[in-house]
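One structure is given here, and the rest of the page talks about it.
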Amino acid sequence: MSLDKLKGLNLAQVIGRHGTDPETRERVFLMHRGPDGEMRQVTYARFYEASLAYGRMIQAIKGEKGKQDSPRFHVGFYMQNTPEVVYLLGGCAMTNSTLVGINNAQKGQKLATDIAKMDLVALFVDEFAQPKSERTFLEAVLEAEERFGLGGLYPDFVIARKQQASNHPAGVPTIAEKLSESAGTQFTPTPLKGDNAGVIIFTSGTTGAPKGIEV
């Protein structure tokens with residue numbers, strides 16, 4: 001596809017163009033390793049479909065939170081590099097939402113503070129073990145909630161990437177469950193406004209507290 005065809009398009013339109021154009025739709029957009037260790041391929045068409053599904057889910061969450069007309073909508077993730085992070089980016093692009101990457105090394109009060117100050121309406125969390133920790137990412141979030149509070153996110157709007165292998169906390173939904181709830185509902189993409197941040201990524205915090213960098 002010529003870059004000239006993409007001039008002036010927003011991110012949602014770029015995803016849609018690549019996902020439907022006969023020249024690009026079956027090309028590989030993303031590769032990742034599955035649970036069995038085998039490499040998986042995601043085409044541009046599949047990424048477009050996933051972006052719409054995640055956008056529909058995010059739009060439904062907006063409705064649950066009474067935020068349909070909010071000028072700012074922050075969707076957080078606290079997980080490792082997984083395909084779901086990319087799908088969330090696509091979903092945010094379709095719903096005029098900002099994707100916020102919480103530093104996944106944070107825990108305790110620092111984690112609770114970072115989550116609270118970003119005014120998140122939903123937080124997507126990894127169910128895998130957090131490096132250099134004896135807990136999963138999800139367990140780290142629940143500990144932060146119990147000790148310091150997360151501003152009303154728990155449990156309905158703390159959403160696990162998948163079920164934990166054991167002791168999955170009651171009341172915490174998974175992405176698959178939220179996608180299923182919103183499947184088939186009416187959805188019209190609302191592209192990101194040009195003056196809104198598409199992504200906020202927290203720095204590593206090696207020289208002080210992690211800082212949110214707008215992209």
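When a residue number appears, it is its place in the shown sequence, counting from 1.
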Tell me whether [Y] is reachable from [X] by hopping between hydrophobic residues (I, L, V, M, F, W, Y) whose side-chain heavy atoms are closer than 4.5 Å.
X	Y	answer
Ile201	Met118	yes
Ile115	Ile200	yes
Leu120	Val199	yes

Under a 3.5 Å distance rule, please check whether [X] uses its side chain to pair with a backbone N or O of [Y] as donor and acceptor.
X	Y	value
Gln59	Ser182	no
Gln130	Asn104	yes
Gln13	Asn10	yes

(request) Please confirm whether Phe29 and Tyr44 have ring centers closer than 6.0 angstrom. (result) yes
For residues [X] and [Y], report the shortest heavy-atom separation together with the two atoms involved.
X	Y	answer
Gln80	Ala129	NE2-O, 4.5 Å
Glu26	Ala45	OE2-CB, 4.3 Å
Val86	Phe47	O-CE1, 3.5 Å

(request) Taking the side chain as every heavy atom from C-beta outward, state whether Met79 and Val85 have any atom pair closer than 4.5 Å. (result) yes
(message) So Tyr78 and Asp126, do their side chains get closer than 4.5 Å, heavy atoms only?
(response)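 Not touching, per the 4.5 Å side-chain cut-off.
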(request) Examine Lys65 relative to Phe157 and say whether NZ or CZ is less than 6.0 Å from the centre of the six-membered ring and inside a 45° cone about the ring axis. (result)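 Flagged: Lys65 positioned over aromatic ring of Phe157.
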(request) Go through the side-chain N and O atoms of Glu84 and Thr82 and say whether any donor and acceptor fall under 3.5 Å apart. (result)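 Indeed, the side chains of Glu84 and Thr82 share at least one donor-acceptor pair under 3.5 Å.
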(message) Just to verify, which of Arg161, Gln164, Lys162 counts as forming a side-chain hydrogen bond (donor to acceptor under 3.5 Å, both in side chains) with Glu127?
(response)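 Only one of Arg161, Gln164, Lys162 forms a side-chain hydrogen bond (donor to acceptor under 3.5 Å, both in side chains) with Glu127, namely Arg161.
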